[in-house]
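Working notes, beginning with the structure itself.
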Amino acid sequence: PDSGDTVYGNCGWSSLNFTNQANGGWMTVWEKAYSYDGPITYVNWSVNWTNWDRDSGGNVNGAMFTFNAFWYHDQAAWTNTGYVSGYMNGWVVTALGAVCTFLTPSGWTTVT
């Protein structure tokens with residue numbers, strides 16, 4: 001099953017989900033954040049994952065400018081087949097100048 005969680009903080013929330021692409025070892029990584037303190041203007045994130053069946057791991061990351069209270073991004077990651085779990089670190093800057101740190105949401109799926 002594909003899944004993940006949402007973690008709430010005093011600036012907003014962050015969320016991570018992994019989705020199996022059923023395409024020979026690929027998954028989609030869904031990164032999301034929401035600000036209670038006005039629009040997000042910049043976001044920086046890093047997702048670390050482990051394939052527990054293959055004893056391997058990896059990372060996808062990025063940074064971008066935006067101007068919206070809700071931010072999301074998706075990207076493909078090749079993990080090989082197996083059970084994969086991971087977590088996201090990162091931070092945002094809001095239009096009011098607040099710097100808010102993600103509170104480490106996690107995701108998991110079985111990649112086929």
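This one's a predicted model, so the numbers in the text were calculated from it and none came from an experiment.
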If Ile, Leu, Val, Met, Phe, Trp and Tyr residues are connected whenever their side-chain heavy atoms lie under 4.5 Å apart, and connections chain through other members, are Ile40 and Leu96 in the same group?
-> no
Only residue of Asn17, Asp74, Leu16 satisfying side chain to side chain contact (heavy atoms under 4.5 Å, CB included) with Lys32 is Asn17
For Asn59 and Ser46, test the side chains for any donor-to-acceptor distance below 3.5 angstrom and give the result as yes or no.
-> yes
Grab the two heavy atoms, one from Asp37 and one from Ala98, that are nearest each other, plus how far apart they are.
-> OD2-CB, 4.5 Å
So, the side chain of Ser35 versus the backbone of Pro39: is there a donor-acceptor pair under 3.5 Å, distance only?
-> no
Between the main-chain N or O of Ala76 and the side-chain N or O of Thr28, is there a donor-acceptor pair closer than 3.5 Å?
-> no
When you measure from the side chain of Trp49 to the backbone N and O of Gly107, does any donor-acceptor pair fall under 3.5 Å?
-> no
Is a side-chain N or O of Asn48 found less than 3.5 angstrom from the main chain of Tyr87, in a donor-acceptor match?
-> no
Should the ring pair Trp71 and Phe102 be called parallel, tilted or perpendicular, given that the plane angle runs from 0 to 90° and is split at 30 and 60?
-> parallel
Flag, side chain of Thr50 to backbone of Trp52, donor-acceptor distance under 3.5 Å = no
Evaluate whether atom CZ of Phe70 has more than 12 neighbouring non-hydrogen atoms of other residues, nucleotides or ligands under 6.0 angstrom away.
-> yes
I would like to know whether Met88 and Thr104 meet side-chain contact (heavy atoms from CB on, under 4.5 Å); could you show each step before the answer?
-> CA-CA 5 Å; Met88 178 171 67; Thr104 320; over 6 Å; no
State the CG-CG distance between Leu103 and Asn89, to the nearest 0.5 angstrom.
-> 10.0 Å
Whether Asn51 side chain and Arg54 backbone form a donor-acceptor pair below 3.5 Å = yes
Apply side-chain contact (heavy atoms from CB on, under 4.5 Å) to the pair Trp91 and Trp45, showing each step before the final yes or no.
-> CA-CA 7 Å; Trp91 50 275; Trp45 73 94; over 6 Å; no
Without swapping roles, check the side chain of Asp53 against the backbone of Tyr83 for a donor-acceptor pair under 3.5 Å.
-> yes
Residues Ala95 and Phe67: closest non-hydrogen pair is CB-CE1, 4.0 Å
Could you state the interatomic distance from CD (Gln21) to OG1 (Thr79), rounded to the nearest 0.5 Å?
-> 9.5 Å
Which heavy atom in Pro105 sits nearest to a heavy atom in Val7, and how many Å separate them?
-> CA-CG2, 3.5 Å
Anything under 30° is parallel, anything over 60° is perpendicular, the rest tilted; go ahead and classify Tyr34 against Tyr36.
-> perpendicular
Side-chain donor or acceptor of Asp5 paired with backbone N/O of Ser106 under 3.5 Å | yes
Closest non-hydrogen atom pair between Thr6 and Ser15, with its separation | OG1-OG, 3.3 Å
Residues Phe18, Val47; criterion side-chain contact (heavy atoms from CB on, under 4.5 Å); working and verdict | CA-CA 11 Å; Phe18 292 164; Val47 176; 4.0 Å; yes
